[in-house]
Amino acid sequence: MRGGKREGAGRKGLGKTKIYRLPIAIEDQVLKLLSDYKAELNTKPDEKPRFENVTKSKEPIKPAFPRLNKDQLKRFQDWLIDNKFAKSKAETRYMTQTPKACKTTFLKYIHLTNEYLNGYIENICELYIID
C-alpha cells in the first residue's frame, strides 16, 4: 500500500521505473509515448485496470455517543444547574466530561422536567433520541 490510510489510496505506480537523461528536443515524443502507455494500461478489455482514477472511501462510522460542541455543552451544563440537578459548574463538568457521561446524564434527568424547560436544550434532545 502506498500513501494514505485507505486501501488503494495514494499515487498509483506504473511498474518498475528507471531514470534517464534525454535531450529536450525529444521531450514531446517521450511524453506522448508515456501517455499512450498509460492509456493502454487502462483499456485492456480482458483484464482489470492496473490502477483506477478514483479511490473508494469507506462509510463513516456513526458514533454511539455523539460529541456535543462547546455551545451545546455549555447550554446543557447551564440547564443542569438551572433545574437543580447539579450544584456547581465543577459538578456539571464531571457529569459531562465524556460523550458517554453526557448521554447518561441527559437520559437520567430529561424525564424529570417539562417540555417548556427543555426548549433551551432542544437540539441536544434531537441528538439523543428518547425511546
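- Rounded to the nearest 0.5 Å, atoms OG1 (T92) and CG (L73) are 8.0 Å apart.
- Side-chain rings of W79 and F85 approach one another, their centers coming within less than 6.0 Å.
- Summarising the geometry, atom OG1 belonging to T105 is positioned 12.0 Å from atom NZ belonging to K100; distances are rounded to the nearest 0.5 Å.
- Between D36 and K32 there is a salt bridge, with a side-chain nitrogen of the basic residue lying less than 4.0 Å from a carboxylate oxygen of the acidic one.
- In plain terms, the two heavy atoms of L68 and Q72 that are nearest each other are CA-OE1, 3.5 Å.
- Between K89 and D78 there is a salt bridge, since a side-chain N of the basic residue sits under 4.0 Å from a carboxylate O of the acidic one.
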Checklist line | side chain to side chain contact (heavy atoms under 4.5 Å, CB included) between F65 and T104, worked out | finding: CA-CA 10 Å; F65 305 104; T104 305; 5.7 Å; no
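- Rounding to the nearest 0.5 angstrom, the gap separating the CD1 atom in I124 from the CG atom in D71 is 8.0 Å.
- When hydrophobic clusters are built by joining Ile, Leu, Val, Met, Phe, Trp and Tyr residues whose side-chain heavy atoms come closer than 4.5 Å, directly or via intermediates, I26 is grouped together with Y20.
- Once rounded to the nearest 0.5 Å, the distance linking CD1 of I110 with OG1 of T113 reads 4.5 Å.
- Looking at heavy atoms from C-beta onward, L80 lies in side-chain contact with Y109 at the 4.5 angstrom threshold.
- Hydrophobic clustering (side-chain heavy atoms under 4.5 Å, transitive across Ile, Leu, Val, Met, Phe, Trp, Tyr) groups M95 together with L112.
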Margin query: One pair to check against side chain to side chain contact (heavy atoms under 4.5 Å, CB included): L22 and E27. What are the steps and the verdict?
Written below: CA-CA 7 Å; L22 298 171; E27 181 181 14; over 6 Å; no
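- Among all heavy-atom pairs drawn from P66 and P99, the shortest one is O-CB, 3.8 Å.
- When all heavy atoms are compared, the tightest approach of Q77 to T96 is NE2-OG1, 2.9 Å.
- A distance of 8.5 Å separates CD1 in I81 from CD in E91, rounded to the nearest 0.5 Å.
- Note on F76 and Y94: separate hydrophobic clusters, where clusters join Ile, Leu, Val, Met, Phe, Trp and Tyr whose side-chain heavy atoms are under 4.5 Å apart, directly or indirectly.
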